[in-house]
2 protein chains.
Amino acid sequence: MSVTLKQVADAAGVSVSVASRSLNGRAREYRISETTEKSVKTTAAKLGFQPSQVARSLRLKRSGLVGVVVPDLSNPFFASIAREVTLAAEQDGYSVIVVDTRETTANEEKLVGQLLARQIEALVVCPVGQTQDHLSAIHDSGLPVVLVDRGFPDSKLTQVTSNHRAGAQQATELLLDHGHRLIGILQGLPGTLPNDERLAGLRAGLAQRNLDFDTTLLAGDNFSERSGYESTHALLRRHRGITALFAFSTPNALGALRATLELGRRVPEDLSLVTFDDIPFADFMSVPLTTVAQDVTALGRTAADLITQQLSGSKPPRLKNHCVQVHLINRNSIREVKR
Amino acid sequence: MSVTLKQVADAAGVSVSVASRSLNGRAREYRISETTEKSVKTTAAKLGFQPSQVARSLRLKRSGLVGVVVPDLSNPFFASIAREVTLAAEQDGYSVIVVDTRETTANEEKLVGQLLARQIEALVVCPVGQTQDHLSAIHDSGLPVVLVDRGFPDSKLTQVTSNHRAGAQQATELLLDHGHRLIGILQGLPGTLPNDERLAGLRAGLAQRNLDFDTTLLAGDNFSERSGYESTHALLRRHRGITALFAFSTPNALGALRATLELGRRVPEDLSLVTFDDIPFADFMSVPLTTVAQDVTALGRTAADLITQQLSGSKPPRLKNHCVQVHLINRNSIREVKR
DNA sequence: CTGAAAGCGCTAACAC
DNA sequence: GTGTTAGCGCTTTCAG
């Protein structure tokens with residue numbers, strides 16, 4: 001089947017040790033004659049020798065494997081993060097094993113276990129987000145772990161997240177500046193860090209103007225389009241005077257659009273709408289929505305850098321929480337209202 | 001660091017072979033006493049034993065690894081395919097190594113080589129598409145290989161592709177039915193199977209009506225937005241009487257939209273537009289475009305099934321070319337024109 | 001400058 | 001029922 005080092009050595013008429021050293025560019029170091037080195041290399045090439053990474057891994061105790069854990073690879077947000085890590089890993093000669101947890105913690109735990117059994121050298125995970133115990137255990141065992149997107153407050157783990165709070169605050173202030181006071185909030189999954197940080201930013205924005213947060217203006221229970229759709233209906237029924245909606249995800253916003261369409265209210269003429277971007281396809285979207293855009297590439301790249309650093313230098317990162325800036329893109333889905 | 005089988009065996013007061021057999025559920029087979037089996041299992045659990053997949057792979061000559069090669073993981077089309085394969089693999093206890101070739105054949109060859117060195121047991125590849133020699137060589141060596149999306153005509157490799165030809169023909173007929181005769185074609189990358197099959201479908205649609213294909217109505221050189229944009233400008237300048245455009249990709253169509261906007265022509269009032277979907281986000285897109293939709297999930301799942309089959313049954317698939325049906329979604333971006 | 005041999009962690013003959 | 005041992009393919013002391 002596959003050609004082994006021994007076969008190369010035999011064909012070249014040398015011992016396996018010489019073959020190994022020649023092929024690993026350590027001929028100098030071991031003072032192997034140029035002729036034998038060349039000869040080994042050419043016969044290896046002729047036989048199409050591919051050193052077995054498996055054997056290599058066993059011997060060196062280095063698998064050259066990095067694990068990437070995402071809840072849904074078909075979501076461009078996570079796919080982009082996986083991509084950045086993959087590209088960085090390829091650069092450094094590592095390979096990436098990607099697993100998809102389908103948004104369930106049980107799968108996450110099982111799959112992470114399998115990754116560990118494969119002797120991965122680092123782990124990048126976009127956690128489902130309920131619990132971090134199994135992840136910090138891994139961290140404690142000495143394996144570099146980086147969390148992306150959904151983190152945990154006060155975690156000892158290295159985390160990379162967008163500055164949800166600042167983004168939400170900015171968006172809130174923009175709405176307030178335009179005179180909006182009755183703002184419906186379409187939130188995502190409560191309890192997750194992105195959602196709760198966005199809520200915190202919202203509160204901060206209101207507090208800045210000495211305004212209180214009216215919890216009856218809050219609706220929604222996850223980041224899906226359906227949640228946005230149903231929450232919009234509920235909120236507009238509950239509060240006739242709502243002039244603006246703040247959606248915590250793009251699907252939430254799309255649901256809102258669908259609902260408002262049904263209700264005969266137009267965006268932005270009759271109702272302003274601002275959203276948080278989870279996906280990098282914003283430019284292609286249906287309505288030019290004003291949005292707090294996440295820098296997905298920066299998220300992925302930061303995670304990749306953090307991993308790369310630890311893989312090479314093996315020094316743990318000084319900074320625990322890495323915050324990636326968001327930026328507000330004003331596409332004019334917010335109208336001025338008179339007070 | 002990590003606990004080995006020997007440590008478990010010692011702790012349980014048995015030999016490694018007994019430990020191995022107990023843990024692999026072959027106690028029955030080797031008639032190991034229930035007590036020892038239990039004892040081994042509990043001590044293993046207590047020590048947190050994780051069998052080294054690396055050692056296992058070396059010994060069994062089975063890595064449990066599947067390689068997935070895509071040109072751009074941040075593209076939802078390829079991400080979805082990768083996902084389906086990943087989920088299927090996880091189901092069967094395999095893990096997936098994903099590599100991103102950044103659309104260049106050189107990377108593709110290099111990365112596939114690395115995958116082989118890792119002793120992968122199967123390979124799913126969305127090829128860049130210029131050459132298949134390195135891929136068929138792998139096939140010849142006995143490794144299950146499945147090509148997805150971009151295939152090669154008359155290849156001996158197993159391929160899974162959308163029925164581009166039928167889809168293009170359907171779209172063409174739809175345009176002709178609406179009275180269009182001067183139809184501008186915004187093509188993608190010439191020479192790739194999807195592009196050329198779509199051209200073939202177009203020709204077939206025209207031939208059906210005894211119409212000739214006017215090559216001066218063809219423009220574009222890749223699947224990007226820019227190509228669509230420039231081609232639209234060129235075509236509309238060249239042929240004043242064009243009443244419809246057929247874009248071969250969603251980005252192509254978006255480019256067309258941008259160009260027509262600049263030219264003050266509205267879709268569909270002044271100009272009809274039909275497109276081919278490469279991405280699963282069509283419902284969220286800017287204009288309700290009539291489109292030939294690819295079933296990305298079916299593409300991925302078919303590939304996954306083909307791999308799974310060969311991995312378990314080890315029987316080569318009887319069918320070489322697997323064609324996934326497309327379906328036309330009429331969102332009314334085509335207007336009737338009088339002849 | 002080169003070779004023999006140990007051993008990474010595991011499984012499977014082959015003994016007893 | 002259980003233990004001993006060879007060996008997967010590779011790197012690396014340690015001897016020449």
Side-chain angles (χ1 to χ4, degrees), chain A residues 1-41 43-44 47-65 93 114 116-121, chain B residues 1-41 43-44 47-65 93 114 116-121:
Chain A
M1 184 93 187
S2 148
V3 32
T4 75
L5 184 63
K6 181 161 187 344
Q7 297 177 34
V8 175
D10 289 353
V14 295
S15 69
V16 281
S17 25
V18 170
S20 170
R21 300 194 265 245
S22 303
L23 294 172
N24 290 342
R26 321 186 60 174
R28 263 289 95 86
E29 189 178 333
Y30 283 91
R31 305 165 0 136
I32 289 171
S33 73
E34 292 235 346
T35 26
T36 37
E37 183 191 355
K38 281 267 182 283
S39 134
V40 169
K41 282 188 169 169
T43 49
L47 297 183
F49 171 68
Q50 281 269 10
S52 159
Q53 287 304 326
V54 175
R56 218 151 195 279
S57 301
L58 183 60
R59 177 67 231 240
L60 301 180
K61 293 171 148 309
R62 288 197 47 244
S63 66
L65 249 27
Q114 293 181 7
L116 292 179
R118 290 196 185 275
Q119 325 287 136
I120 51 163
E121 295 178 43
Chain B
M1 187 86 190
S2 149
V3 32
T4 74
L5 183 65
K6 181 160 186 345
Q7 295 177 33
V8 175
D10 289 352
V14 296
S15 71
V16 282
S17 30
V18 171
S20 170
R21 300 194 263 245
S22 304
L23 294 172
N24 289 345
R26 318 186 63 174
R28 265 290 92 90
E29 190 177 332
Y30 283 91
R31 304 162 3 131
I32 289 172
S33 73
E34 290 235 349
T35 26
T36 36
E37 183 191 355
K38 280 267 182 281
S39 135
V40 168
K41 281 188 170 168
T43 49
L47 297 183
F49 172 67
Q50 280 271 7
S52 160
Q53 287 304 326
V54 175
R56 219 152 194 280
S57 302
L58 183 59
R59 179 64 232 242
L60 300 180
K61 295 172 151 307
R62 288 197 48 243
S63 65
L65 251 25
Q114 293 181 8
L116 293 179
R118 290 196 185 276
Q119 323 288 138
I120 51 162
E121 295 178 41

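Note on naming: letters A, B, ... go to the chains in the order of the sequence lines (proteins, then strands), and numbering restarts at 1 for each one.
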d(A:Leu5 CG, A:Gln50 CD) to nearest 0.5 Å is 13.0 Å
Does a side-chain N or O of B:Thr36 approach OP1 or OP2 of D:dT2 to a distance below 4.0 Å, or not? yes
Strictly distance-based, threshold 3.5 Å: is any side-chain N or O of A:Ser63 a donor or acceptor partner for the main-chain N or O of A:Gln119? yes
Check this for me: does the side-chain of B:Ser17 come within 3.5 Å of the base of D:dG3 through a donor and an acceptor? yes
A quick test of your reading: do over 12 heavy atoms of other residues, nucleotides or ligands sit less than 6.0 Å from CD of A:Glu29? yes
When you measure from the side chain of B:Val16, which nucleotide among C:dC10, D:dT4, D:dT12 comes out closest? D:dT4
Remember a base hit wins even if backbone is also touched, and classify A:Val54 as base, sugar-phosphate or nothing at under 4.0 Å, heavy atoms. nothing
Rounding to a whole Å, what distance do you find between A:Lys61:NZ and D:dG9:C1'? 16 Å
Using a 4.0 Å cut-off on heavy atoms, which residues in residues 25-35 of chain B reach DNA chain D? List them by number, or say none. B:Tyr30, B:Arg31, B:Ile32, B:Ser33
Write down the distance between CD (A:Gln119) and C1' (D:dC10), rounded to a whole number of angstrom. 16 Å
List the atom of B:Leu23, the atom of B:Phe49, and the distance in Å for their closest heavy-atom pair. CD1-CE2, 3.7 Å
Contacts of B:Glu37 and B:Leu60 projected onto DNA chain D by closest heavy atom; the upstream (5') one is B:Glu37
Minimal heavy-atom distance between B:Leu65 and B:Arg118, with the atoms involved, is CD2-O, 4.0 Å
Could you tell me how far apart A:Gln53 (CD) and D:dC10 (C1') are, to the nearest whole angstrom? 10 Å
Just how far, in rounded Å, is C1' of D:dG1 from NZ of B:Lys38? 17 Å
Distance check: side-chain N/O of A:Ser15 vs OP1/OP2 of C:dG3, anything under 4.0 Å? yes
Could you report the tightest heavy-atom contact between B:Val8 and B:Thr43, atom names first, then the distance? CG1-OG1, 4.0 Å
So how far is it from A:Arg31 CZ to A:Arg26 CZ, rounded to the nearest 0.5 Å? 15.0 Å
In whole angstrom, give the distance that lies between atom CG of B:Leu58 and atom P of D:dG9. 7 Å
Starting from C1' on C:dG7, measure out to NZ on B:Lys6 and report it in whole angstrom. 13 Å
Figure out the CG/C1' separation between B:Asn24 and C:dG9, and round it to whole Å. 13 Å
Between CZ of A:Arg21 and P of D:dC14 the distance, given in whole Å, is 13 Å
Compare the minimum distances between each of D:dC10, C:dC10, C:dT2 and the side chain of B:Pro51, then state the nucleotide with the smallest one. C:dC10
